[in-house]
Amino acid sequence: GSMAPYAHLVSRLFSAASRATHFKELRTYYFHNCIYGRVYKTEALSEAVRGQDLIADCGRHYKLIFVGDALMAPYELLHGGGALDLGNNNSVEGIVWLMMLAEHFVRHAWLNPEPPQYWSGTTIDYIRQVLPMFPLTLAGLGDAVTSLKGR
């Protein structure tokens with residue numbers, strides 16, 4: 001989808017994060033556009049993990065970082081069920097899932113590979129109201145880390 005142009009960049013980010021030794025634990029999950037009640041252990045969106053289970057398994061002290069362009073049709077973010085192609089019968093809106101996750105995890109951020117000048121007037125605006133968003137650049141990563149540390 002819209003993340004295809006950034007696949008290499010995001011892959012490099014995940015590789016660097018998994019090689020880093022300063023993480024006590026690193027879990028990576030995948031999603032399509034937004035969280036619709038579940039995340040997945042694979043890029044092929046298989047091995048689902050329910051959102052409630054993720055919240056139950058991870059304490060509030062975990063740091064939550066989303067990586068994505070946050071671009072989707074507004075109904076995919078704001079209407080119950082969101083991405084119907086995932087077979088989700090959940091009536092909870094994607095934006096509400098993001099709110100629940102932001103409420104649970106004390107420290108959270110969204111890294112966006114889209115240049116900030118293109119963020120306005122899209123679903124990015126809605127998501128930025130829920131999660132602090134940073135550009136996926138060296139400076140943006142630095143700002144996100146500072147925010148995640150609570151500074």
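Position 1 is the first residue of the sequence, and the numbers go up from there. Computed from a predicted structure; not experimentally measured.
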* Asked: Should M100 and V92 count as side-chain neighbours, where that means a heavy-atom distance under 4.5 Å?
  -> yes
* Tell me, do L9 and L13 make a side-chain contact under 4.5 Å, heavy atoms counted? -> no
* Asked: So, for R107 and K149, which heavy atoms are closest and what is the spacing to 0.1 Å?
  -> NE-C, 4.0 Å
* Structure fact -> Shortest non-hydrogen pair, W97 vs G51, comes out as CZ3-CA, 3.9 Å
* Structure fact -> In this structure, CG of L45 is separated from CZ of R38 (nearest 0.5 Å) by 10.5 Å
* Would you confirm whether H108, through its side chain, and F105, through its main-chain N or O, come within 3.5 Å as a donor-acceptor pair? => yes
* Does atom CG of L138 have more than 12 heavy-atom neighbours, drawn from other residues, nucleotides or ligands, at distances under 6.0 Å? -> no
* Give the cluster check for V49 versus L64: same hydrophobic cluster or not, with ILVMFWY residues linked at side-chain heavy-atom distances below 4.5 Å. => yes
* Looking at CZ of R128 and OG of S120, how far apart are the two atoms once the value is rounded to the nearest 0.5 Å? -> 6.0 Å
* side chain to side chain contact (heavy atoms under 4.5 Å, CB included) with T123: which of L77, L78, D69, N33? -> L77
* Qualifying ring-ring contact (aromatic ring centres under 6.0 Å, His included) pairs, either residue in residues 45-67, two or more places apart -> F31-F66, F66-W110
* **Path from V145 to L136 over hydrophobic side-chain contacts below 4.5 Å** => no
* Residues which pass salt bridge (charged side-chain N to carboxylate O under 4.0 Å, His left out) with E43, listed by chain and number, not counting sequence neighbours -> none
* Structure fact -> Looking only at heavy atoms, the pair that brings G140 and F134 closest together is O-CB, 3.6 Å
* Nearest heavy-atom pair of Y36 and M72: which atoms, and what distance? -> OH-SD, 4.0 Å
* Would a distance-only check, ignoring hydrogens and angles, find a side-chain to backbone donor-acceptor pair under 3.5 Å from D125 to G121? -> yes
* Nearest heavy-atom pair of A70 and I127: which atoms, and what distance? -> CB-CD1, 3.6 Å
* Look at the side-chain heavy atoms of Ile, Leu, Val, Met, Phe, Trp and Tyr, link any pair under 4.5 Å apart, and say whether V106 and L101 land in one connected group. => no
* Asked: Atom CD1 of I95 and atom CD of E76: how far apart are they, to the nearest 0.5 Å?
  -> 13.0 Å
* Keeping the roles fixed (side chain from Q129, backbone from Y126), state whether a donor-acceptor pair exists under 3.5 Å. => no
* Asked: Do other residues, nucleotides or ligands put more than 12 heavy atoms under 6.0 Å from the CZ atom of R60?
  -> yes
* Asked: Does the side chain of E93 reach to within under 4.5 Å of the side chain of C34, using non-hydrogen atoms?
  -> no
* Kindly indicate whether the side chain of K41, heavy atoms from C-beta on, has any atom under 4.5 Å from the side chain of Y29. => yes
* Asked: Within a radius of less than 6.0 Å around CD of E47, do more than 12 heavy atoms belonging to other residues, nucleotides or ligands occur?
  -> yes
* **Any V130 side-chain heavy atom under 4.5 Å of L98 side chain** => yes
* Return yes if some donor-acceptor pair links the side-chain N/O of S147 with the main-chain N/O of D143 below 3.5 Å, else return no. => no
* Asked: Do you know the tightest heavy-atom contact between W119 and P135?
  -> CH2-N, 3.7 Å
